[in-house]
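Inspection log for the structure reproduced underneath, given as C-alpha cells.
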Amino acid sequence: MKNLNRIIITALSIVLIITAMPFAASAEANTLGTESPYIKAVFTDSNGDEADGNSLEVGRYTVNLELSGISSVAVFNFAADITDDISIQSVSSIAEIENSGFEYGGYKVDTDNNKFVIVISTVSKTESTAVTDGTVFVTLTVDVNTAGDFEDFFAASTNRDDTFIIADFRDGNESAYVYKTLEQTDTDFPFLDFDMSPDNSGYTVTGTVKVAKDEHGDSYAETSFVQNATINAIDQSGETVATTTTANDGTFSLEVPNTAVSLKVVKYCVIERTITLSGNAVADYPAIPVVAIDYNNSGGYDATDKGLFKSKYEADDADADLNGSGGADASDKGIFKLFNKDMDYTYSDFTL
C-alpha cells in the first residue's frame, strides 16, 4: 500500500522524505486501473546515436527513463539494484525543468549497497500533473564497464514499496501502479519497457452484521447477530473478487483488493444489502444492520416467511435467534413482528 512510509524508502537505509501529503480518496479521480503505464529505458551512446539496451558495448551512455500510457502523475518512484558492471555518473529529472509541475523527493546512488532510487513528486500535494506519452522523468549518465545486457546490470525493483506511480492523490494513498514485468516487444528494439499494473494489494474490511429493527436498516438490536452470512466484495464489473462468512457473533474480516467498490451481504433469510467502500487502509464498522426476514428467499417479506419463522422459532433454530440471546425467545418474536406491518423494504445508503 502506498503511504508516506513507502515514499521514505527505508529499505535503502536512506532518508528521502516528501513533505507530508494530505492524501484523501475521492470519487472525482478513480484513475487506478483505467490506464496502462510503462516506463521505457531509451539508450543513446556517446556519439548521440541510439543504442541497443540488450547489447551494450563498454562506454558511456545516456539513459532516459520515459513514461507513457498514463495521463497524469502525482508521484513517480523508481528503484533498481545495480551491479559493478555499470557506474552511474550523474542523475537529473523532470523536476529540474522550470514549471514542469514536479519537484524532487530526492534520489540516491548507493554504491555501498548497489542500489539506485529516485522519488519525484508533484509541486502540489493535493492533485496531479498532466503528462504526455514519452515524457522523460529521469536521465542517467552511465558508464558501462562490462559489455552486456543493461537488464543484467540495472534491475528495476518489483517490490511494491520501491517502484510505483501514483496517478492522482485524489485516488487515495492506497492507489498506485506498480512494476510488473520487463517487456521486450521486439528483439531488435533498442529499449527496455518496464510495464506497470494496478496495485491491488488492497486493504482490510471488518464489521459485524446485525439484525435491523426497521425496514430501512437504520436501527438494530445491540446484541443481535447474523451468523453464516456471506460477505462478497464486488468490483466495478460486478464480479466477486473476495468472499468470507460471518462468525457466530456476526463478525467478519475480509482482505479486499483495490478493485473492490462494494460489499454485498447475502443469506437466504436476509434481504441482500450492498455497502459502498470508501477505500481506506482499514475500514471498520461495528454494526451493519440487515433485514433478516426473507426465509423463502423471495427478495422481500410475504406470508410464507411468517410461517417459516414460526417453524424455526419452535425448533429453536439459530436463524430465529434475532436478538442474539443464544436461543429463540419472546424477544425474537417481537423483532420479527416489527416487519409484519409493511410488505416493502428499502435500505438506506450505507458506506464503509
Side-chain angles (χ1 to χ4, degrees), residues 1-21 37-44 46 51 53-67 73-96 102-121 136-166 173 176-184 191-197 199 201:
M1 298 179 185
K2 304 297 168 285
N3 51 36
L4 194 55
N5 290 331
R6 288 193 173 192
I7 298 170
I8 294 175
I9 318 180
T10 55
L12 299 183
S13 300
I14 59 177
V15 180
L16 300 175
I17 304 177
I18 296 177
T19 304
M21 302 173 184
Y38 61 94
I39 301 169
K40 177 181 291 184
V42 181
F43 302 86
T44 306
S46 57
N54 300 291
S55 181
L56 296 175
E57 300 296 331
V58 174
R60 178 163 291 186
Y61 296 87
T62 298
V63 184
N64 285 328
L65 299 182
E66 300 179 352
L67 180 61
V73 174
V75 176
F76 178 98
N77 205 99
F78 191 94
D81 294 316
I82 55 179
T83 71
D84 294 334
D85 298 293
I86 62 172
S87 303
I88 299 177
Q89 299 300 322
S90 66
V91 180
S92 61
S93 85
I94 192 173
E96 298 174 32
F102 294 94
E103 65 182 1
Y104 268 132
Y107 77 89
K108 178 74 172 182
V109 179
D110 188 345
T111 54
D112 292 333
N113 297 297
N114 294 105
K115 300 283 186 180
F116 167 75
V117 62
I118 188 165
V119 184
I120 302 169
S121 167
V136 177
F137 267 74
V138 182
T139 297
L140 307 173
T141 301
V142 177
D143 284 343
V144 175
N145 307 317
T146 305
D149 190 338
F150 190 72
E151 179 188 355
D152 295 333
F153 310 147
F154 185 91
S157 173
T158 57
N159 188 317
R160 292 172 180 263
D161 292 347
D162 296 341
T163 305
F164 61 86
I165 299 168
I166 297 177
N173 64 321
Y177 293 93
V178 297
Y179 171 41
K180 182 179 179 182
T181 58
L182 181 70
E183 188 77 15
Q184 195 66 50
F191 310 130
L192 303 176
D193 292 347
F194 304 95
D195 282 358
M196 310 290 282
S197 63
D199 180 0
S201 52

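What's counted below: heavy atoms across the whole structure, side chains too, no hydrogens, waters or symmetry copies. Residues: numbered from 1 along the sequence shown. All values derive from a computational prediction rather than experimental measurement.
- A search for side chain to side chain donor-acceptor pair (under 3.5 Å) contacts involving Thr141 returns Ser90, not counting sequence neighbours.
- In this structure, CZ on Phe150 lies 9.0 Å from CD1 on Ile82, to the nearest 0.5 angstrom.
- Checking side-chain atoms of Ser157 against main-chain N and O of Thr163 turns up no donor-acceptor pair under 3.5 Å.
- For residues 54-64, every residue pair satisfying the salt bridge (Lys or Arg N to Asp or Glu O under 4.0 Å) rule, not counting sequence neighbours, is listed here: Arg60-Asp143.
- Shown here for Leu56 and Ala51, the closest heavy-atom pair between the two residues is CD2-CB, 4.1 Å.
- Side-chain contact between Val75 and Phe164 is present, with at least one heavy-atom pair separated by less than 4.5 Å.
- Annotation: the span from Leu65 atom CG to Lys40 atom NZ amounts to 12.0 Å, rounded to 0.5 Å.
- Judged by distance alone, with hydrogens and angles left aside, the side-chain atoms of Asn77 form a donor-acceptor pair with the main-chain N or O of Asp162 at under 3.5 Å.
- Taking OH from Tyr61 and CD from Gln89, the interatomic distance works out to 14.0 Å, rounded to the nearest 0.5 Å.
- For Ser87, the side chain to side chain donor-acceptor pair (under 3.5 Å) partners are Asn145, not counting sequence neighbours.
- In this structure, the side chains of Lys115 and Asp81 come closer than 4.5 Å at one or more pairs of heavy atoms.
- Within the model, atoms CD of Glu103 and CD of Glu96 stand 13.0 Å from one another, a figure rounded to the nearest 0.5 Å.
- Applying the side chain to side chain donor-acceptor pair (under 3.5 Å) criterion to Asp84, with sequence neighbours excluded, gives Asn114.
- For Val91, the side chain to side chain contact (heavy atoms under 4.5 Å, CB included) partners at least two apart in sequence or on another chain are Ile88, Tyr107, Val109, Phe116, Ile118, Val138, Leu140.
- For the atom pair CD1 of Ile165 and OH of Tyr177, the computed distance is 9.0 Å after rounding to the nearest 0.5 Å.
- Scored by the ring-ring contact (aromatic ring centres under 6.0 Å, His included) test, Phe137 finds Phe76, Phe102 as partners (sequence neighbours excluded).
- With sequence neighbours excluded, the residues that form a side chain to side chain contact (heavy atoms under 4.5 Å, CB included) with Thr83 are Asp85, Phe153.
- A distance-only check finds no donor-acceptor pair linking the side chain of Asp193 to the backbone of Asp195 [under 3.5 Å].
- By the side chain to side chain contact (heavy atoms under 4.5 Å, CB included) test, Thr158 is found to be paired with Tyr179, residues two or more places apart in sequence or in another chain being considered.
- By the side chain to side chain contact (heavy atoms under 4.5 Å, CB included) test, Asp149 pairs with Asn54, Glu151, Asp152, sequence neighbours left out.
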